[in-house]
Amino acid sequence: MHALIVEQLHKVYATGFEALKGVDLAVEEGDFFALLGPNGAGKSTLIGIVTSLVNKTSGRIRVFGRDLDQDAEGVKASLGAVPQEFNFNLFLPVEEVVVNQAGYFGIPRPEARARAEFYLRKLDLWDRRRSEMRLLSGGMKRRLMIARALVHRPRLLILDEPTAGVDIEIRRAMWDYLRELNADGTTIILTTHYLEEAESLCRNVAVIDHGRIAAVSETRALLAGLDIETFVLNLKRPVAEPLLLPGFSVTRADATTLEVQLHRSQSLNELFDALGRRGIEVGSMRNKQNRLEQLFLEMVERGREGSTVAA
Ligand code: ADP
């Protein structure tokens with residue numbers, strides 16, 4: 001059974017901009033699936049259409065076999081949505097946000113209260129149950145959106161950038177909870193532009209770019225191509241050309257800037273040791289590209305070589 005099937009989905013916004021250009025996608029029940037892509041790729045548009053926040057231009061959506069056009073209520077009942085924008089009544093206490101949501105799904109009041117307590121505890125918000133929404137931190141609001149999306153026990157949970165703006169510690173706790181939900185049988189689809197998030201959570205991933213699916217693959221297989229990472233090092237003192245560092249591929253961009261390519265089998269410690277032996281001190285360092293940009297470059301190159309990433 002598929003949790004979600006998207007066929008030939010097109011979206012043209014009122015401005016005339018074509019945000020989705022014929023997207024096909026299938027997500028199996030039980031999967032933990034990432035929609036990965038740079039800003040503006042069309043991820044939120046796609047998710048917005050599946051969760052009935054955005055109208056499609058054409059195409060077909062089915063959720064657990066139910067067609068969105070024919071059974072919008074059935075689709076809504078089987079999915080929980082965590083949109084990017086906070087869309088609550090800001091003066092409502094936390095617990096009421098969740099209880100009211102249960103009301104929309106016809107869940108009786110005592111059961112709604114019990115579920116609200118369950119999910120607020122799970123998401124570490126129970127102590128804040130009487131706080132007004134507007135007094136919560138960004139991370140707490142995000143978790144409240146998840147509790148609210150779960151209260152009718154959807155079989156499919158869809159999250160749009162669930163950890164954007166959330167600090168690292170809370171992000172890890174959210175990841176743990178999402179893993180637990182998935183292990184308990186909830187199918188999860190999330191959008192992210194953090195490669196690390198997809199890598200850490202998701203079994204399968206679709207890469208979306210300029211409104212098209214660029215690749216669909218197991219996360220592991222997709223990332224296996226990312227063998228080389230390029231670092232830019234700013235040196236404390238100028239170095240003379242040429243600089244040979246056995247075992248490393250080094251380019252001298254200028255007298256105080258080196259670019260070093262590190263294979264995944266090499267560690268930064270080895271690099272710093274080798275530099276240290278040459279008396280070279282590094283003042284600061286950055287990644288030349290983020291890994292997502294690198295992934296796109298490698299996909300383009302693989303495409304040129306005639307191989308394909310898409311499964
Ligand atoms: P992502 O979630 O991948 O960042 P979006 O789906 O938000 O991408 O946006 C895809 C493209 O559609 C972007 O170029 C964006 O500017 C455009 N877009 C999004 N919403 C609207 C809108 N309401 N009207 C016009 N263009 C929009």
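Every number for a ligand or one of its atoms is a count from 1 in the order of the listing.
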Inset, instruction - Show your reasoning for whether salt bridge (charged side-chain N to carboxylate O under 4.0 Å, His left out) applies to Glu117 and Arg113. - result: CA-CA 6 Å; Glu117 176 171 354; Arg113 293 237 167 257; over 6 Å; no
Legend entry - Audit row: Val75, Ser52, side chain to side chain contact (heavy atoms under 4.5 Å, CB included) steps and yes/no: CA-CA 9 Å; Val75 168; Ser52 297; 5.7 Å; no
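Gly42 N, 3.1 Å is the protein heavy atom nearest to atom 8 (O) of ligand 1. Protein heavy atom closest to atom 7 (O) of ligand 1, with residue, atom name and distance, is Ser44 CB, 3.6 Å. Nearest protein neighbour of atom 4 (O) of ligand 1, counting heavy atoms only, is Gly40 N, 2.7 Å. If you check which protein heavy atom lies closest to atom 19 (C) of ligand 1, you get Tyr13 CE1, 3.4 Å. In terms of protein heavy-atom proximity, atom 6 (O) of ligand 1 is closest to Thr45 OG1, 2.5 Å.
Ligand 1 has no nitrogen or oxygen under 3.5 angstrom from a nitrogen or oxygen of Phe17. The shortest N/O to N/O separation between Lys43 and ligand 1 falls below 3.5 Å.
Below 4.0 Å from some heavy atom of Ala41 lie the following atoms of ligand 1, by number and element: 1 (P), 3 (O), 8 (O). Heavy-atom contacts of Pro38 reach the following atoms of ligand 1: 3 (O) (cutoff under 4.0 Å). With ligand atoms numbered from 1 in the order given, ligand 1 contributes 12 (O) to contacts under 4.0 Å with heavy atoms of Ala19.
At least one protein heavy atom sits closer than 4.0 Å to atom 26 (N) of ligand 1.
At a heavy-atom cutoff of 4.0 Å, ligand 1 is contacted by the side chain of Thr15 but not by its backbone.
Nearest approach of Val205 to Thr219, heavy atoms of both residues: CG1-CA, 3.6 Å. Taking each heavy atom of Ala149 and Ala81 in turn, the nearest pair found is CB-O, 3.5 Å.
For the pair Arg171 and Tyr194, the cation sits on the ring face: its NZ or CZ lies under 6.0 Å from the ring centre, inside 45° of the axis. The side-chain tip of Arg155 points at the ring of Phe64 from less than 6.0 angstrom away and within 45° of straight on.
Of the inter-residue distances, the one linking Leu92 atom CG with Ser131 atom OG reads 12.0 Å to the nearest 0.5 angstrom.
Counting non-hydrogen atoms of neighbouring residues, nucleotides and ligands closer than 6.0 angstrom, the CZ atom of Arg172 reaches no more than 12 such neighbours.
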